[in-house]
Amino acid sequence: MEMTIKDPLGTAVVVLSGGQDSTTCLFWAIKKYKKVIGISFDYGQKHIKEIECAKNICLENNIEHHIIELPILNTLTENSLTRIDIDVDSEKPKEGLPNSFVDGRNMLFLNVAAIFAKQKGAHTIITGVSQTDFSGYPDCRYEFIKSMEVSLTLAMDYPFSIKTPLMWLDKSQVWNLADELGVLDVIREKTITCYNGIKGEGCGKCPACKLRNEGYKKFLQEYKK
Ligand code: ZN
């Protein structure tokens, strides 16, 4: 099925968690699209502060923002992002998926984002997934995104394009992109990536912080000599 998007740079819907990656995508989209809408999901994550970050960043940049409740994820799965009695793995497990992986989360988010986008007359959905610093999440892979794009287009008989500006960037390159977009400080100070819910530099100990902070160091070494 071939379908073309009439207005490819019209409206884009950005899946916004309030973290470094999705917020960088938001600013990337602001430069590129006529209209940008942020959409965040409340699925019972322990750190509701993420959503607060997303909301505030949109407010400060005059971006329309919606929060959609998806409590069903928490009902259906057991994982360390939503369950207060499960700690996030501090190291990547040798086998299997990290306990911060939530089955079907990205797929569900993209599905809901697509339903929302169609209502808004938007064809573009933007997500901050990346295959480069692959933490073992199968639904961050390029192949999955491409197949999802086809499925959504078939399911709603409406052409969708899923853009993943960070797909092939490592964390230092994501920092550099933020710098090029002129929002390095915004990303450093106003986003939250930490699994322990600490804004900015975070706890420094969880896998998300390690990735973020090591990426920042590498960015300084490679781009800011
Ligand atoms: Zn942390």
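Heads up: numbering here begins at 1 and tracks the sequence. Remember, it's a predicted structure, so these values are computed and weren't measured experimentally. Just so you know, ligand 1 is whichever comes first in the structure, and atom 1 is the first atom listed for that ligand.
A donor-acceptor pair shorter than 3.5 Å can be found between the side chains of Ser17 and Ser22. Thr191 and Arg212 are linked by a side-chain donor-acceptor pair at a separation below 3.5 angstrom, with hydrogens and angles left out of the test. With hydrogens and angles left out, the side-chain atoms of Glu52 and Asn56 include no donor and acceptor closer than 3.5 Å. Side chains of Ser40 and His65: a donor on one and an acceptor on the other come within 3.5 Å.
Within the sub-2.8 Å shell of the Zn ion (ligand 1), the protein contributes these N/O/S atoms: Cys194 SG, Cys203 SG, Cys206 SG, Cys209 SG.
No close placement of the Tyr223 and Trp175 rings is indicated, their centers lying 6.0 Å or farther apart.
Of the charged side-chain nitrogens involved, none lies within less than 4.0 Å of a carboxylate oxygen, so that Glu143 and Lys146 do not count as a salt-bridged pair.
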